Structures are given as C-alpha cells and as structure tokens.
Asker: 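Here it is, the structure, as structure tokens.
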Amino acid sequence: MDRSECRYCKKVIGWIVTTKGARMPVDPHLVKVDGEKLLVFPDGATARRHLGFIGGYVSHFATCEVWLRIQANKRAAKKATLARSQR
Ligand SMILES: [Zn+2]
C-alpha cells in the first residue's frame, strides 16, 4: 500500500484504489468493523456496512479529526448562508 502523510492532520495514511478506480485515503491498519464507518477492503471494495466481515481499512475521512472539523465548519457556514438568504 502506498503511504503518505495526511495533509490535514499529518498522520500516516495509506492509499487504496477502490473498485471504481478512485484513490482513497485510509488509516494504514486493519480494523474490526463497527458497522458505521466507511470501510475499504484490501481488494478495493468499499462498504458502509458489512455484516460478518472481520477486518478492513477505515476511510481516513471517517477518522481524521482535522478533516472532520473542516467539514463541520463548512456545514455550519452553509447553514448560516442559507438562513441569511431565506430572510
Ligand atoms: Zn488526517
């Protein structure tokens, strides 16, 4: 797996090519599935829920604290813009 540094939180991330051909940043260790996070399997398949699967890579977008904070801020800003435009 290709590895690099997350440009948001500077943690080491791995790259997996999904079955759709997209490069996906993942945490570079296999984890047990919790049924909620976006999982990427070593063969590139992705799934949000995967009953009975014992391990996969979690999309780094699901765990990157800096990225999640940026997304939350974006959502808040969008909401504020929407609220203003509806006045
Ligand atoms: Zn990150």
Side-chain angles (χ1 to χ4, degrees):
M1 194 198 305
D2 287 349
R3 289 184 184 221
S4 63
E5 200 177 65
C6 174
R7 64 191 174 117
Y8 298 103
C9 69
K10 308 296 178 205
K11 280 184 189 157
V12 175
I13 53 171
W15 291 92
I16 274 189
V17 179
T18 70
T19 46
K20 287 173 186 162
R23 272 162 60 81
M24 164 89 79
V26 295
D27 289 348
H29 42 260
L30 287 165
V31 292
K32 289 211 169 154
V33 62
D34 71 1
E36 289 301 327
K37 289 174 181 154
L38 178 62
L39 291 168
V40 187
F41 302 102
D43 64 358
T46 58
R48 237 169 237 291
R49 292 171 180 279
H50 207 85
L51 285 177
F53 193 80
I54 18 123
Y57 297 104
V58 174
S59 165
H60 186 63
F61 291 132
T63 63
C64 180
E65 282 163 24
V66 181
W67 168 259
L68 290 173
R69 212 179 314 135
I70 292 169
Q71 296 310 302
N73 288 345
K74 269 190 191 164
R75 271 197 299 275
K78 208 174 176 186
K79 237 182 179 177
T81 310
L82 227 86
R84 271 198 300 276
S85 67
Q86 280 169 354
R87 244 175 244 159

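When a residue number appears, it is its place in the shown sequence, counting from 1. All heavy atoms count here, side chains included; hydrogens, waters and symmetry mates do not. Note that this is a predicted model, so its numbers are computed, not measured.
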Asker: Looking only at heavy atoms, what is the nearest atom pair of Ser59 and Met24, with distance?
Answerer: OG-SD, 3.8 Å
Asker: For a quick test of reading the model, state the closest non-hydrogen atom pair linking Thr63 to Leu68 and the distance between them.
Answerer: C-CD1, 4.4 Å
Asker: So which atom in Glu5 and which in Lys10 form the shortest heavy-atom distance, rounded to 0.1 Å?
Answerer: CG-O, 3.2 Å
Asker: Give me the atom names and distance for the closest heavy-atom approach of Tyr8 to Ile70.
Answerer: CD2-CD1, 3.4 Å
Asker: For Gly14 versus Pro28, what's the shortest heavy-atom pair and its separation?
Answerer: N-CB, 4.0 Å
Asker: Just jot down the salt bridge (Lys or Arg N to Asp or Glu O under 4.0 Å) partners of Arg75, sequence neighbours excluded, or say none.
Answerer: none
Asker: What residues, two or more places apart in sequence or in another chain, satisfy side chain to side chain contact (heavy atoms under 4.5 Å, CB included) together with Pro25?
Answerer: Ile13, Trp15, His60, Phe61
